[in-house]
2 protein chains.
Amino acid sequence: MKILRINMTDLSVLEEVVPQDYVGLGGRALTSMIVANEVRPTCHPLGPNNKLVFAPGLLTGTMAPNTGRLSVGAKSPLTGTIKESNAGGTSSQKLAKLGIKALVIEGKPTGEKFYTIKIDKNGASVVEENEVVGLGNYTAFKKLSSMYGEKVGVIGIGQAGEAKMSAANISVKDLDGNIRSAGRGGLGAVMGSKQVKAIVIDDRDAEGLAIAQPEKFKEAARRLANNIKKHPVTGEGIPTYGTNVMVNIINEAGGLPTRNFRTGRFDGAQKICGETMYDTIVKRNGKPTHGCCTGCIIKCSQVYNDAEGNYVTSGFEYETIWGFGANCCIDNLDDIARIDWLCDDIGIDTIEMAATTAVAMDAGIINFGDGKAVIRLLEEEVAKASPLGRILGNGADLTGKAYGITRVPTVKGQSIPAYDPRAIKGMGITYATSTQGADHTAGYTVGTNLLKIGGEVNPLGKAGQVELSRNLQIATAALDSTGLCLFVAFPILDFPDTFQAIVDLINAQYNLELTCDNVNELGKLIIKTEKEFNKAAGFSNAHDRLPEFLSEECAPHNTTWDFTGAEIDELYNF
Amino acid sequence: MKILRINMTDLSVLEEVVPQDYVGLGGRALTSMIVANEVRPTCHPLGPNNKLVFAPGLLTGTMAPNTGRLSVGAKSPLTGTIKESNAGGTSSQKLAKLGIKALVIEGKPTGEKFYTIKIDKNGASVVEENEVVGLGNYTAFKKLSSMYGEKVGVIGIGQAGEAKMSAANISVKDLDGNIRSAGRGGLGAVMGSKQVKAIVIDDRDAEGLAIAQPEKFKEAARRLANNIKKHPVTGEGIPTYGTNVMVNIINEAGGLPTRNFRTGRFDGAQKICGETMYDTIVKRNGKPTHGCCTGCIIKCSQVYNDAEGNYVTSGFEYETIWGFGANCCIDNLDDIARIDWLCDDIGIDTIEMAATTAVAMDAGIINFGDGKAVIRLLEEEVAKASPLGRILGNGADLTGKAYGITRVPTVKGQSIPAYDPRAIKGMGITYATSTQGADHTAGYTVGTNLLKIGGEVNPLGKAGQVELSRNLQIATAALDSTGLCLFVAFPILDFPDTFQAIVDLINAQYNLELTCDNVNELGKLIIKTEKEFNKAAGFSNAHDRLPEFLSEECAPHNTTWDFTGAEIDELYNF
């Protein structure tokens, strides 16, 4: 295994032996350690001193199920914090098979040219990119695949990343040549600032990964697969309806933020929910269930077609449908699907854009409910990086500032996603305290708050929420280091053998004798390292707070966000 | 004396007896204490929980020379810190004569209407404003003066404040009906968020201020006046050439930030310097010397006419001329004068807009040196609050973010003014550590660094700069509480009797027995109070830093900004 460094200042490539300290790390653990060790916390996120780090998880590239996630890390231009965002797609497994434990992009070119980084079994090279600059991801990925081989992995940025918009994501080619995204925190802008349009990964004739104890590994992989399959969420709910199964659940719970977080229920929920989506997909000969990486046995994804049966979008997630649906009051699934495709093509985070769009609606730029107007803003303003497009493409916080709007649902500059913290208070604790800004994936309390997964904590009360969020944030940090899909958390919470199976997989692959406690300690270490980086970057407890307007009551429960600062700060007592 | 509170939520007016703790305070001391005591540091600056406080200085309204400054305080939407910005004009003296120690505007109306607050000897009232909404300051002030009386004081916001742009200033009518500005920190946006278009102050038949010991007061006023008159800067340099006398001095010192802080000398300096400006004004029958308040004996202001002898602008300051001149490479004084008028009319800070314009030039929006393009941006974009206008009107930081520009000369979100911190390092310490964000008036080391006023500290070295800035910041905080113009600092630094005369004035007016040490302690208390507010708002030492790009060498001295964090942090050892 090696660390591959690309210095964009002089376009040089360096292969490093993995330092001893990093041998047991992968995914988020590795991106966060490298960023914390090598990036000055006060540096400008788009300057030459930031670094963009890609790392497959510890288990990525093996036969273990659902281990294909790719972690991307840097100092975030959206939040100013350390950032890890991860995605599916095929690139992570290809990097792992090529023996690349981390890819670190450093420096910044002089001049304005963009480049493509090509990686194969012979090493890496940096070439001037003249074919796909300015193109959206769908077209660019197709072109790059036809240039370099249909099976290559591609990691790229769309027009948003090229324009260094701080809501720009990093897109990853999936099994069908479509788009998966490391969505949050504007990492696409960091890639744009390095002037890297794409990374092409060709793993032909790669050596692949050594497994120290193959039989033990296989046995543990089987146990993990069984636990995933037998859990009602990962075995049935998500495979059938996708993540969009959540619209009805969260709407019922009164926690579906609607009309820029004014209420917790959306009148149009039935028109956009997972069940309606499933029926629509089946009727139009789409694919209701579909995986984002090789080895996925959950298959939460889908392919959504138009009424004529033509492809509209895929990887059409609950958070996107909530954001442009309930939160922007758009009850037309076809409009939202087109918006999803546009965001993927432009390479911009759907959660950030959805929250931003609702703020823009409050600012009177377009009207609530007008899906066609959103499509026009994306096509005519954001994709073309007009002044208005640059406002929107830099997220809800900047849009709020530009228009003097105070109802801006962000924490540390990142938009709050699809779970109202007044109705699902554990999520509020996660949003407030996560090292990543408001992020549902950092400590997803919804299972326990609403579905009695891993216990039961009343979503409307304060009791138990801090401890719940703390435990989940620590476990998630560890999980994000393995390459495993976050949905494995559901069986982990209900079937203790799931976590043991994961530890057994790591031990079998690397010939280690880790315990569950060791892995938990790794999670703590990751979060503490990230927190220290943020502190040095200027963050304090005063930033671990939710926006002031959440002191308003949220119907139907008429609850408010009522945690004191001291209560929130208990999260870091570990 | 009373505190007048206007609650914009219900449009109610409350007159309060001054609490004992506030009796000995005025100006910045009073605005900062009220904000620190009454505003939650984490509140949204444009929300109902921020308060906008106006306070005349301790000596304002008396016969003491140069005591007419008006302090304005709030939590700043530009920096997120506490903020005090002060201006000349006639309103401060009128408030003082009406016995108003502070005017506090609280809450926020429902609906979109704007209001005017009218204050006279009978009290205050809030009236819906239908005549001047949407108008620039020049027209609005004329209309309000013709409606309410030519001699009324007017405090108002232009289109920038109405649009809640965070570079919006608060404008104050001067002796000629022209504009003076509380420029920095976006306080005009706070006034806009309260939906107050204007405050009209009619001091007819006001009781005026009691002076406890009139003879002692007169004697001290005479000593202060003599010291001001006999100092070469306040007695001769500034009265003749205005503050723009600094162009040649700072250019010669290699500290005139040019082309968005790329070098310290501007080729076109001779075309825009104070001497050229003086000749031009005289030739065109303008006024080369002119005061901003009654009782001013320095008269640093001027009236600048066009070639036909028509009024173009007044209060045409060095920082404005530097900012649009050297820093934007515009060597045409007529263009800069028109820009100054436009900024005053729109009600936007010239320093913030100048720095923003240079960032916009780096972003390629317009070209360096193109004064006509700047005029067009102000008229067509900022005044009309177009998307591009909103980007620019929210300052350099937001403009840099919107366009992905890393060369952004700000500290805590506020633009660095007219003195390069690599060539005049004491100013760098002030920019980094001031509670106000980058602010030259918070601790103006230029006198000592370049003119041997109050001692001598090598501008290019590190030795002595922290102590110099610390002493000046403390003294300035006290001075900002008296209503005195900052230029009194020059005689204070060279003639010890000046400070004693000021203390004698305060003692004579209020029948006190303060010492110079007491006044110095007040300065420390103000800064510590402001610093505590900022800390609770989320600021730490990590924010007391200059932008990363200042590690580049600055010609002609080829020095860099080389203070360590620990060295900078010494400032707060008091």
Side-chain angles (χ1 to χ4, degrees), chain A residues 40-50 77-78 108 161-166 168 186 189 192-193 363 365 381 385-395 397-408 412-413 534-545 547-549 551 565, chain B residues 40-50 77-78 108 161-166 168 186 189 192-193 363 365 381 385-395 397-408 412-413 534-545 547-549 551 565:
Chain A
R40 190 168 49 218
T42 52
C43 80
H44 196 296
L46 303 181
N49 296 322
N50 199 2
L78 186 72
K108 190 168 177 170
E162 289 186 38
K164 291 175 274 194
M165 294 177 186
S166 59
S193 76
I365 298 171
E381 308 286 349
S386 72
L388 178 55
R390 285 184 175 276
I391 291 173
L392 302 172
N394 276 286
D397 235 29
L398 189 138
T399 301
K401 275 186 194 146
Y403 284 85
I405 301 294
T406 56
R407 177 179 285 274
V408 180
K412 302 185 181 76
N534 290 350
K535 189 178 166 196
F539 289 85
S540 69
N541 288 353
H543 300 97
D544 286 355
R545 302 292 179 263
E548 201 177 16
F549 79 85
S551 61
Chain B
R40 191 168 48 217
T42 52
C43 79
H44 196 297
L46 304 180
N49 295 323
N50 199 3
L78 186 72
K108 190 170 175 169
E162 289 187 38
K164 292 176 272 193
M165 294 178 187
S166 59
S193 77
I365 298 170
E381 308 286 349
S386 71
L388 178 56
R390 285 183 175 276
I391 291 174
L392 302 172
N394 276 285
D397 235 29
L398 189 137
T399 301
K401 274 187 194 143
Y403 284 85
I405 301 294
T406 56
R407 176 179 284 275
V408 179
K412 300 185 183 76
N534 291 350
K535 190 179 166 195
F539 289 85
S540 69
N541 288 354
H543 300 97
D544 286 355
R545 302 292 179 262
E548 201 177 16
F549 79 84
S551 61

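For chain A, the option among B:L46, B:N541, B:V408, B:T42 with the highest count of heavy-atom pairs below 4.5 Å is B:L46. Chain A forms the most heavy-atom pairs under 4.5 Å with one residue out of B:P387, B:A542, B:G192, B:A385, and that residue is B:P387. Of all the listed residues (A:R390, A:K535, A:R407), the one sharing the greatest number of non-hydrogen pairs under 4.5 Å with chain B is A:R390. Of all the listed residues (A:A402, A:P547, A:A536), the one sharing the greatest number of non-hydrogen pairs under 4.5 Å with chain B is A:A402.
A search for side chain to side chain contact (heavy atoms under 4.5 Å, CB included) contacts involving A:E548 returns B:R40, B:C43, B:H44, B:N49, not counting sequence neighbours. Judged as a salt bridge (Lys or Arg N to Asp or Glu O under 4.0 Å), and not counting sequence neighbours, the contacts of A:D544 are A:K412, A:K531.
For A:A537, the part lying near chain B is the backbone, with the side chain staying farther off; criterion is any non-hydrogen pair under 4.5 Å. Neither the backbone nor the side chain of A:A189 comes within contact range of chain B; no heavy atom of the residue lies under 4.5 Å from a heavy atom of that chain. For B:Y403, the parts lying near chain A are the backbone and the side chain together; criterion is any non-hydrogen pair under 4.5 Å. Neither the backbone nor the side chain of A:I365 comes within less than 4.5 Å of any heavy atom in chain B.
The CG atom of B:L78 lies 9.0 Å from the NZ atom of A:K401; values are rounded to the nearest 0.5 Å.
B:T406 places a side-chain heavy atom less than 4.5 Å from the side chain of A:K108.
Paired with A:I391 under the rule side-chain contact (heavy atoms from CB on, under 4.5 Å), one option of B:I391, B:N394, B:L398, B:L388 passes, and it is B:I391.
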